[in-house]
J.: 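I am attaching a structure below and will ask some questions about it afterwards.
We count ligands from 1, going down the list as the structure has it; atoms in each ligand are counted the same way. Along the sequence shown, residues carry numbers from 1.
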Amino acid sequence: MAKLYVNPKRQLGHINPELQGHFSEHLGRCIYEGLYVGENSDIPNTAGMRNDVVEALKEMRIPVLRWPGGCFADEYHWMDGIGPKESRKKMINTHWGGVVEDNSFGTHEFMELCRQLGCKTYVNGNVGSGTVQEMSEWVEYMTFEGVSPMADLRAKNGHPESWKVDYFGVGNENWGCGGNMTPEYYGNLYRRYQTYVRNYKKGEEIYKVCCGANSDDYHWTEGVLKTTHDHAGNAHGFMNGLSLHYYTLPNDTWDKKGSALDFDEALYYRTLKKTLYMEELINRHGAIMNQYDPEKKIGLIVDEWGTWYDVEPGTNPGFLYQQNTMRDALVAGINLNIFNKHCDRVKMANIAQLVNVLQSVILTEGEKMIKTPTYHVFNMYKYHQDGELLESCVETQEIGAGELKVPNLHESVSLGKDGLIHVTLNNLSVTESYSIDAVFTETEIKGVKGTILTGEMHAHNTFEEPDAVHTEIFDQVEIAGQSLKFTIPPCSVLHLAVEV
Ligand code: AHR
């Protein structure tokens, strides 16, 4: 019997709701079709936003949405996406699939979507191919209320009131698609561009995100912080966050990443092993940040993460459309547990991407919509949002196929805003169930409610079988004073809401 220890007396940090954030790019069928169908569509919509998708995302309590990219952000000129739709510029989306971008979804539409979702806004600015003036005017357009050219233009376009920009990214992947810069060059640009990301409203200060590293590029983190640290470490509002991108690719090569549906046990464990690497990345980038920012004022913002497979056969290679199985559910559960455990440094994380692209929570086909296994994990983990991380650990064994070993169990625990203790426990084994004795230090347990997502590792939802993978009530839990005893089935994500 494996022991899971929970110490309700030790709170280790606040879990920002934004750790469960999302990302939407002008890429494939994410924005167009997935989120936005236009007011004249036969698909039920409100101001062009799909009602079914909005409803599902609200249920999952989406806390924040990043937009418009990604690589698209550093090619995006926001003025192309405002004003009467018929006169908005049409162009080729050179990055993603070479399709026509008609700019019918722009700033007003993004803000309307976030309003409908009730979530925070994370806008990513253009450093790679945009000017300081362009960035500065975008911020003015969105957030300035009063007499100014951009505020007047916004009013002329139908929105006299300003919006709230919660997060603003100063460029994206500027080491790559965002301009192929060196860390020192970008660091200097960051200093300059962010100066003009003005805070116009007291109490609505913008959280500025500096472009951070790809995966284990510690040289980038070091170089950017070295170039900016005379400001970064001490002037609040200069740099609030530093990003990190890390994708889980089952194989190491970009041209043969592996299939979303066709994989064996060895590749399943390899995928989870590579997912667990996120913890090392957070620790090591965090260690560099500690040198410049020992008080942890700057958040690590993991604003792109998730599985990245070969596209589904027969789909546009530039659209990055992939299916989503129980393997992805485990990837989501592990990452969200890791973010919880590092909530002292990680302040936001955004899975890529929201709908129809990479590890999506939702897939659509015409008027049909399905929730993926990853959706169900977010829906189970939502109770951690705004909670306090509790000290916990679980006894594990090494399992796996071949030389790549992973722990069999993976957990995080929080004291929720609702006063309940929320335990999320993953069983990574494809074949084994485990008996668990969950011990709550000096705490009598009054009640427990469980929900489980479990299935064969390939299990997934399709438009023909939309509920093949779904959550179920898990009531096989015995309360024994200060402990809970239960058996967790193979390949599963479990949520227990514990009353103490
Ligand atoms: O999410 C897909 C792409 O991955 C993003 O546009 C880019 O930032 C990253 O390389």
J.: Give the numbers and elements of all ligand 1 atoms closer than 4.0 Å to a heavy atom of N172.
T.: 8 (O)

J.: Verify the neighbour count for atom OH of Y200: are there more than 12 heavy atoms of other residues, nucleotides or ligands below 6.0 Å?
T.: yes

J.: Assess, by modelled atom type and distance only, whether the side chains of T227 and N188 contain a donor and an acceptor separated by less than 3.5 Å.
T.: no

J.: Just which atoms of ligand 1 are under 4.0 Å from any heavy atom in W96?
T.: 3 (C), 6 (O)

J.: Can you check whether F23 has an N/O within less than 3.5 Å of an N/O in ligand 1?
T.: no

J.: Relative to ligand 1, is W308 under 4.0 angstrom through side chain, backbone, both or neither, heavy atoms considered?
T.: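 W308 to ligand 1: side-chain contact only, backbone stays beyond 4.0 Å.
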
J.: Below 4.0 Å from ligand 1: does a non-hydrogen atom of F72 turn up there or not?
T.: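 The answer is no: ligand 1 sits nowhere under 4.0 Å from a heavy atom of F72.
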
J.: Determine whether the side chain, the backbone, both or neither of V357 has a heavy atom under 4.0 Å from any heavy atom of ligand 1.
T.: neither

J.: If you measure only the distance, is there a donor-acceptor pair under 3.5 Å linking the side chains of N172 and Y76?
T.: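 Side-chain D/A pair, N172 to Y76: absent.
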
J.: I need the nearest protein heavy-atom contact for atom 10 (O) of ligand 1: residue, atom name and distance, please.
T.: E173 OE1, 2.7 Å

J.: Residues in salt bridge (Lys or Arg N to Asp or Glu O under 4.0 Å) with E222, at least two apart?
T.: none

J.: Against Y309, only a single residue in R327, Q322, Q359, K257 fulfils side chain to side chain donor-acceptor pair (under 3.5 Å); can you say which?
T.: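 By the side chain to side chain donor-acceptor pair (under 3.5 Å) criterion, Y309 pairs with just one of R327, Q322, Q359, K257: R327.
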
J.: Give the atoms of ligand 1, by number and element, whose distance to some non-hydrogen atom of C71 is under 4.0 Å.
T.: 5 (C), 6 (O), 7 (C), 8 (O)

J.: Looking at W78, Y36, Y141, which one forms a ring pair (Phe, Tyr, Trp, His ring centres under 6.0 Å) with H108?
T.: Y141

J.: Return the closest protein heavy atom for atom 1 (O) of ligand 1 as residue, atom name and distance.
T.: Y247 OH, 2.8 Å

J.: Under a plain distance cut-off of 3.5 Å, with no hydrogens placed, do Y246 and D216 share a side-chain donor-acceptor pair?
T.: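 The criterion, which ignores hydrogens and geometry beyond distance, is not satisfied for Y246 and D216.
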
J.: By number and element, which atoms of ligand 1 are closer than 4.0 Å to a non-hydrogen atom of G70?
T.: 5 (C), 6 (O), 8 (O)

J.: When W67 is tested against each of F72, F110, Y167 for ring pair (Phe, Tyr, Trp, His ring centres under 6.0 Å), which residue passes?
T.: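 Considering F72, F110, Y167, a ring pair (Phe, Tyr, Trp, His ring centres under 6.0 Å) with W67 is found only for F110.
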
J.: What do you reckon, C71 and C177 SGs under 2.5 Å?
T.: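 Cysteines C71 and C177 qualify as a disulfide pair, their SG atoms being under 2.5 Å apart.
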
J.: Heavy-atom pairs closer than 4.0 Å: do any link ligand 1 to the side chain of H95, the backbone, both, or neither?
T.: neither

J.: Just need the protein heavy atom nearest to atom 7 (C) of ligand 1, so name the residue and atom and give the distance.
T.: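 Looking only at protein heavy atoms, the one closest to atom 7 (C) of ligand 1 is E304 OE1, 3.3 Å.
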
J.: Any idea which atoms of ligand 1 are less than 4.0 Å away from a heavy-atom of Q353?
T.: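 Numbered from 1, ligand 1 contributes 1 (O), 2 (C).
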
